[in-house]
Amino acid sequence: MFEARLNAATTLKKVLDAIKDLLNEATFDCSDAGIQLQAMDNSHVSLVSLTLRSDGFDKFRCDRNLSMGMNLGSMSKILKCANNEDTVTMKAQDNADTVTFMFESQNHEKVSDYEMKLMNLDQEHLGIPETDYSCVVRMPAMEFARICRDLSQFGESVIICCTKEGVKFSASGDVGSANIKLAQTSSVDKEEEAVTIEMQEPVSLTFACRYLNAFTKATPLSNQVQLSMSADVPLVVEYRIPDLGHIRYYLAPKIEE
Amino acid sequence: MAQTSIASYFNTR
């Protein structure tokens, strides 16, 4: 028996919004530790890794490890039927071929359930090594989304250049070129507004705008985003989901041909 | 510039 409950459907809606543009379907691996999802996007350029810890749920029970392959378009249709404040419960029997989403209104007067067929997805899991990154930048998630959106008007690629002075995002194309520099904040009233840089070595890497923009769909989940970079390895864009877990996106850098 | 597969950076488990 698997059962996981969140007191507000909005969290699950935001999680789904953060992955559904990159992935058509994905396997949710459930264990007593929580729910894990790892999947490459359709073109295998980026990897999504989602962790929702069992202690972050309002109720969580998983008697046996369970892998649930879900069509995210179908899941999205179902979650649209929930109000943001509804309690959402996901349920499945052991070895089931369906999962049930149950939504309950705050006043308990409306209860709806939606059963969705599960899929058998043959997905390979990638082993992601622990890495010490040359540069780790933390910044407001909204600011990062804004930068990605603004720069994508100028080119298909963004160069992220990080030194101890700050981080620079650049793009260029037919229109011309654009540069956005962010310095480390010296003092801020609110922690979520801070820009911080931990640098061992400066890095300069090029990434595809469209993937960065897709990652920023996770912005509603978190005030801050963390960018981890080293030369010649994938960028990690991490959004922490308060009290529940995190979503990490890995993106292969563009390299000179 | 070329875009490589993310899988080439990580080991298959």
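All values reported here derive from a predicted model rather than from experimental measurement.
- Residues K254(A) and M1(B) approach most closely at O-CE, 3.7 Å, considering heavy atoms.
- Qualifying ring pair (Phe, Tyr, Trp, His ring centres under 6.0 Å) partners for F2(A), counting only residues two or more places apart in sequence or in other chains: F60(A).
- The list of ring-ring contact (aromatic ring centres under 6.0 Å, His included) pairs with a residue in residues 20-41 of chain A, not counting sequence neighbours, is empty.
- When the shell of 6.0 Å around CE of M119(A) is examined, it contains more than 12 heavy atoms from other residues, nucleotides or ligands.
- The stretch residues 131-174 of chain A participates, sequence neighbours left out, in no ring-ring contact (aromatic ring centres under 6.0 Å, His included) pair at all.
- In this structure, no portion of D41(A) lies under 4.5 Å from any heavy atom of chain B.
- Between the OH atom of Y9(B) and the OG1 atom of T131(A) there is a distance of 12.5 Å, given to the nearest 0.5 Å.
- Between atom NE2 of residue H44(A) and atom CD of residue Q3(B) there is a gap of 13.0 Å, rounded to the nearest 0.5 Å.
- The environment of N120(A) atom CG is sparse: at most 12 non-hydrogen atoms of other residues, nucleotides or ligands sit within 6.0 angstrom.
- For the side chain to side chain contact (heavy atoms under 4.5 Å, CB included) with I6(B), the lone residue among P234(A), S46(A), S43(A) that qualifies is P234(A).
- Contact annotation: the side chain of F10(B) approaches that of Y250(A) to within less than 4.5 Å [non-hydrogen atoms, C-beta and beyond].
- Below 4.5 Å, heavy atoms of chain B meet heavy atoms from T206(A), A208(A), all part of residues 205-222 of chain A.
- Interatomic distance, T4(B) OG1 to I255(A) CD1, rounded to the nearest 0.5 Å: 4.5 Å.
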